[in-house]
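Read the numbers this way: they start at 1 and go in the same order the structure lists the ligands and their atoms. Given the structure is predicted, the values throughout are model-derived calculations rather than measurements.
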Amino acid sequence: MTQSLTLRRPDDWHLHLRAGAMLRAVLPFTAAQFGRAIVMPNLRPPVTDRAGARAYRDEIRAALPAGTDFRPLMTCYLTDRSDPDEIAAGHDEGLFTAVKLYPAHATTNSDQGVSELRLVMPVLERMQRIGLPLLVHGEVTDPAVDVFDREAVFIERVLAPLLRDLPALRVVFEHVTTADAVAFVRAEADSGRLGATITAHHLMINRSALFAGGIRPHLYCLPVAKRERHRLALVEAATSGAAAFFLGTDSAPHGITAKETACGCAGIFTAPAALELYAEVFDQAGRLDRLEDFASLNGPRFYGVPVNAGRVTLVREAWTVPERIDVSADTAVVPFRAGEPLGWRLVSSSV
Ligand code: NCD
Ligand code: ZN
């Protein structure tokens, strides 16, 4: 049995860091594990231009623990009023790594997202021309569509037509949760222009877990976890080594009181054990040999950036995920698998 595993230092291609005290509490976990992370722009107010992204990047840098070389990769939040010149300028100066499409009202802090795709066509055309990737939250918002079907319906109503209309646009289908999404990404694989991130929690839980013994607010996220057959398709995709699939935790911290309430927020906080969770999945699938492709190599290849120079080492060693992470005197966050044992532990990280 493999007892220790050394990988190229991985990256997290989809992460929520928030701001202020929450940022300061959660950032050290990610910086300890990953070389870079794509930082989501769904703050309040969202990061919609260069000035907002520069200020947010400065805040993240100021919150980094001493001695880390972690690099935040900034994204721009697309709205109905986004200006193609502003976004292209942010790309030119190396500030924007990607642009994020939230269909309006699809998820947390998406109320200023895009109401109709035709309104942002000039921006998307410019992104296609300059090679700036579009990251999509792939769920329709039509209330008539069942919440468990919103990703599959998004493929047919939005994503397939978008890829057809803009044949050179580079797109990441974020946090895929269905066998339908996996099949769609695989069918596009030859083009090399469609990638997909997969979270640790969607590899580990199905929708029954949300209701195991009672309602489990800390397992609620969007897109919501689906049936077991979908989880199995995700595990197969992630552990296959296929270049289109790469690591994106979608670690999304919310204070306890925002989760444990009559109408709780969507978001699962996996950052304290992110790499260890993925290692458990790959180990159970008998594919630890593919973890480096998924976590450290496929993402940089998609984005056309070098892989990280450093290495990380995981060992087979039991430890317990903390019950809660304190944020301030009156706020804490409950991590995924809180208080439960994990079998892999990150022991060293070199830059
Ligand atoms: C994310 C958040 O809390 O910002 N929530 C989530 O359930 N994943 C937003 C998102 O990525 O959908
Ligand atoms: Zn997210």
Side-chain angles (χ1 to χ4, degrees), residues 11-20 22-23 25-27 30 34 37-48 56 60 72-78 97-114 133-141 147-148 150-151 154 158 172-178 181 195-205 207 209-210 216-226 234 246-261 263-271 274 277 299 325 327 331 333-336:
D11 302 297
D12 184 348
W13 299 100
H14 181 131
L15 176 68
H16 299 270
L17 286 174
R18 317 302 190 202
M22 184 67 91
L23 166 69
V26 303
L27 177 60
T30 294
F34 297 101
I38 291 254
V39 182
M40 289 295 130
N42 62 333
L43 302 183
R44 250 179 236 278
V47 177
T48 54
Y56 189 29
I60 296 167
L73 304 177
M74 308 312 291
T75 57
C76 182
Y77 182 116
L78 202 56
T97 298
V99 171
K100 178 72 191 233
L101 166 66
Y102 291 103
H105 309 294
T107 185
T108 309
N109 296 350
S110 62
D111 45 302
Q112 292 185 57
V114 174
L134 178 72
L135 315 182
V136 296
H137 181 104
E139 289 190 287
V140 293
T141 53
V147 67
F148 293 99
R150 286 182 188 174
E151 182 175 284
F154 181 87
V158 184
V172 180
F173 193 171
E174 300 270 60
H175 40 53
V176 292
T177 61
T178 57
T197 54
I198 306 181
T199 75
H201 49 278
H202 288 116
L203 293 169
M204 297 185 115
I205 60 167
R207 67 188 199 174
L210 274 83
R216 303 281 182 167
H218 298 288
L219 299 183
Y220 173 58
C221 70
L222 287 171
V224 69
K226 307 297 191 300
L234 299 175
F246 39 89
L247 186 158
T249 62
D250 195 19
S251 177
H254 291 279
I256 276 188
T257 51
K259 295 288 288 177
E260 298 180 8
T261 178
C263 186
C265 294
I268 296 181
F269 177 49
T270 46
L277 293 166
I325 302 298
V327 173
T331 316
V333 194
V334 176
F336 185 66

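- In summary, Glu174 places no N/O/S atom under 2.8 Å from the Zn ion (ligand 2), failing the contact criterion.
- Using a 30° and 60° split on the angle between ring planes, His14 and His175 fall in the tilted class, from 30° to 60°.
- Of the protein's non-hydrogen atoms, Thr107 OG1, 2.7 Å is the one closest to atom 12 (O) of ligand 1.
- No part of Ile268 comes within 4.0 Å of ligand 1, judged by heavy-atom distances.
- Asp250 contributes atom CG, which lies 7.5 Å from atom OG1 of Thr270 (distance to the nearest 0.5 angstrom).
- In summary, His16 places an N/O/S atom under 2.8 Å from the Zn ion (ligand 2), meeting the contact criterion.
- Summarising the geometry, atom OG1 belonging to Thr141 is positioned 15.0 Å from atom OH belonging to Tyr102; distances are rounded to the nearest 0.5 Å.
- Side-chain atoms of Tyr220 do not come within 3.5 Å of backbone N or O of Ile268 as any donor-acceptor pair.
- Taking atom 7 (O) of ligand 1 as the reference point, the nearest protein heavy-atom neighbour is Leu222 N, 2.8 Å.
- The Zn ion (ligand 2) has an N, O or S atom of His14 under 2.8 Å away, backbone or side chain.
- For ligand 1, the atoms closer than 4.0 angstrom to any heavy atom of Cys221 are 7 (O).
- Ligand 1 has His254 within reach: a non-hydrogen atom of the residue lies less than 4.0 Å from it.
- Close approach of ligand 1 to His137 is summarised as follows: ligand atoms under 4.0 Å from at least one heavy atom of the residue are 12 (O).
- Pairing each heavy atom of His202 with each of Leu234, the nearest pair is O-CD1, 3.5 Å.
- Ile325 is listed as a side-chain neighbour of Pro335, based on a closest heavy-atom distance under 4.5 Å.
- In the vicinity of Gly267, heavy-atom distances shorter than 4.0 Å reach the ligand 1 atoms 5 (N), 6 (C), 7 (O).
- Panel note: side chain Lys259, backbone Pro253; no donor-acceptor pair is recorded below 3.5 Å.
- For Ala266, heavy-atom contacts with ligand 1 shorter than 4.0 Å involve the backbone as well as the side chain.
- Remark: minimum distance from atom 8 (N) of ligand 1 to any protein heavy atom is reached at Asp250 OD2, 2.7 Å.
- The side chain of His175, and not its backbone, has at least one atom closer than 4.0 Å to an atom of ligand 1 (non-hydrogen atoms only; side chain from C-beta on).
- Using a 4.0 Å cutoff on heavy atoms, His14 counts as a contact of ligand 1.
- To the nearest 0.5 Å, atom CG of residue Leu15 and atom OG1 of residue Thr30 are 4.5 Å apart.
- For the atom pair CG of Leu134 and CG of Leu101, the computed distance is 5.5 Å after rounding to the nearest 0.5 Å.
- To the nearest 0.5 angstrom, Phe148 atom CZ is 10.5 Å from Glu139 atom CD.
- Residue-ligand proximity: Asn109 is placed with every non-hydrogen atom at 4.0 Å or more from ligand 1.
- Using a 4.0 angstrom heavy-atom cutoff, Arg18 counts as in contact with ligand 1.
- Taking the six-membered ring where the residue is Trp, Phe246 and Trp13 present perpendicular rings, their angle passing 60° and hence far from 30°.
- Asp250 contributes atom OD1 as its closest N/O/S atom to the Zn ion (ligand 2).
- Distance from atom 1 (C) of ligand 1 to its nearest protein heavy atom, with residue and atom name: His16 NE2, 3.6 Å.
- A donor-acceptor contact under 3.5 angstrom links the side chains of Thr177 and Lys226, judged on distance only.
- Close N/O approach between Thr108 and ligand 1 is found [any backbone or side-chain N/O within under 3.5 Å].
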